[in-house]
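In what follows, every heavy atom counts, from backbone to side chain, and hydrogens, waters and symmetry copies are set aside. When a ligand or atom number is given, it counts from 1 through the structure's own listing order.
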Amino acid sequence: MVVGCTWEKHETMVPYVFTTVLLAAFPIFFSGSVSAHNHVPKDFFGADQHDDFLRWFDDNGDKYKGHEYFPTLADSSNGASIHWSIDDDDHISVAVAVRATGWVGLGLSENGGMSGSDVMLFEAAQPQNIIDAHLLGEFAPVVDDCQNWELIASHASESSDFIIVEARRLLDTGDPQDRFIVEDHDIAIPSTRLILAWGDSESVSYHGSNQVKGNVRLYNYEADDDNAFTALMDANADNYFEMRGENHPIKTIDTEYFQFCFSWDELVEGQNIPNTSFSVIGFRPILDQVEHLHHFTLFGSGKTMNGSPCEDYKDHLDLVYAWARGEVPTALPDDVGMTVGPSSYQSFRLEIHYDNPNLVEGRFDSSGVRFYYTDVKRPIELGILRLGDPIIALDGVSLGDGISEHTFSCPEICSRTFLEENETVTIFREYLHMHYLGQTMKNELVRNGEVVHTATVDFFDFDQSGNQLVQEPAYEVQHGDQYRTVCYYDNTNNGTFGYSSQEEMCIAFLIYYPKKSVLNGYIPWFCAMDAGFSPCEIEYSNRSLDELPRKFGTLPEEEECVATSAAVAATVSFSTAAALWWLTAMMALRAWI
Ligand SMILES: *[C@@H]1O[C@H](CO)[C@@H](O)[C@H](O)[C@H]1NC(C)=O
Ligand SMILES: *[C@@H]1O[C@H](CO)[C@@H](O)[C@H](O)[C@H]1NC(C)=O
Ligand SMILES: *[C@@H]1O[C@H](CO)[C@@H](O)[C@H](O)[C@H]1NC(C)=O
Ligand SMILES: *[C@@H]1O[C@H](CO)[C@@H](O)[C@H](O)[C@H]1NC(C)=O
């Protein structure tokens, strides 16, 4: 039995703080279609009235090695298909098909949303043109100074229901108005985030659902992260347990936060988990009423909470799992596990943020998360290193007016304390976390005074990706390394640091193994201000800036692109109508992302 309760305004009641452990979602795969992935082109577009698409595919499909279809949530026959190949290690060829008569846009997205995306646009009215553009915010695209997409072919006519455009680009154009396409072959690396939108440009009628987002593993045509996860769990897990609601009636209000609580006894008796310590090795979100799910978070506590699981919710402060649209199952590396049971988490609180802007009645939701585990504890314990200001020592401190930079340096003595000489740990997921005023963030690893690794989010967007997973391969940290975590805010609203999502944070969460601690496990590896552990005392400084240090969207080096820019000015007349379409469709979608 699940005990539940609704709290209004939970943000002021439950600090959105990640205390000793965060085990976020490790979202490998950010997918608009959420569950079923379909790689069989004849089934794309709901296998419904898609002859024009099939005709194109029969003639051209084998030019492409990867095929993916992202249906809109509202209508599986309306969506976007993408077909692609990496050519000669330096180019990507892409074909995009949508059911539209006006225009289509494809974006390489940093945070899963519009801001900071690199977009390619095509208008049926100008069949000879392809437009290389970028998005600096949630407004119309800006045409790039350098046009890096080369149109291969376009297929659109008044008699066709589809626009299909084929184009080609360098993987790394060197242009700061383009995104570099990351080598994402290995499924341990987060895959590539795409957004697509389309419309019938002349028409003023409005189709807010003509937009999808999804992830594609551009360098790995066969990879299906969902199937790969299932196979791994079939092979390795002994069992699973679930923390989710049971037909929770979604309220007919715009925003609802609901708490579902799970005590240790309930899990042991109700779901037959071992009444002892065991290792969680994989996480699968269970998504029911997807269009009403905004996000959910699962917090753990070391207390059993038997009898009154939801009573002492303030004890459930460790964020153990977080889901936002598009996150998919995640398996921990071989031999690595997260311990549940006595000495670790024994109770959980799942908080689901439901959206119901259209006040739809009669919806019942059973979403949550499934934890796969092995009875035998895995030898390597998962650790979470928190950097920046993880204990919110700056609570109540003003950000300062305008654009400000806040730097948190973790001294090298800290890694010398937790790691033996010549010992290394592997960082396999890196998340950057701020709140609404956060604009840009980076986490630098410094070795012998030199930056040897940087994780960045140029365009942070709390609504899209409040915990920004950085697309990068795993890397190692050595004894003597130093971290520098830097957050940039634009303080338009008298902002201060604090616990609620209306206040600000600056935390980097690094999921790593093997877990490091001192004093017999009493102090896990961390770095913080005023935490009373001097080797790992953060050095903090701040200053105000005239502008954000964003690279994406800045002008390319002058000589690189003079000729192309001139050509662009002459040939590209990006229509305002299309820009407005893009904007309207995207803005509408935001309401339920
Ligand atoms: C779990 O084990 C403890 C200690 O042996 C015991 O007190 C408790 O009743 C057990 N819980 C359940 C649900 O079996
Ligand atoms: C930033 O630094 C200045 C001194 O350089 C200090 O007066 C101010 O309080 C600091 N701001 C914050 C948010 O700590
Ligand atoms: C660390 O590695 C260096 C170089 O291989 C070696 O000389 C040194 O003895 C090692 N230190 C320890 C404590 O193993
Ligand atoms: C800004 O916040 C401080 C501290 O919360 C408050 O005292 C002050 O009145 C606020 N100023 C404005 C202009 O809102």
Contact bool for atom 9 (O) of ligand 1 (protein heavy atom, d < 4.0 Å):
no
Just need the protein heavy atom nearest to atom 1 (C) of ligand 1, so name the residue and atom and give the distance.
Asn275 ND2, 1.4 Å
Can you confirm if the NZ or CZ of Arg179 lies within 45° of the ring axis of Phe552 and under 6.0 Å from the centre of its six-membered ring?
yes
Find out whether the Lys NZ or Arg CZ of Arg550 is both under 6.0 angstrom from the six-membered ring centre of Phe459 and within 45° of the ring's axis.
yes
Heavy-atom distance from atom 5 (O) of ligand 1 to the protein below 4.0 Å?
no
Within 45° cone and under 6.0 Å: Arg349 NZ/CZ vs Phe299 ring:
yes
Is the count of non-hydrogen atoms from other residues, nucleotides or ligands lying under 6.0 Å from Asn247 atom CG greater than 12?
yes
Who passes side chain to side chain contact (heavy atoms under 4.5 Å, CB included) against Arg416, sequence neighbours left out?
Glu412, His479
Under 4.0 Å from atom 12 (C) of ligand 3, can you find at least one protein heavy atom?
yes
Check ligand 1 against Asp265 and write out every atom of the ligand that is under 4.0 Å from a heavy-atom position of the residue.
11 (N), 13 (C)
Could you check atom 3 (C) of ligand 3 against the protein and tell me its nearest heavy-atom contact, residue, atom and distance included?
Asn422 ND2, 3.5 Å
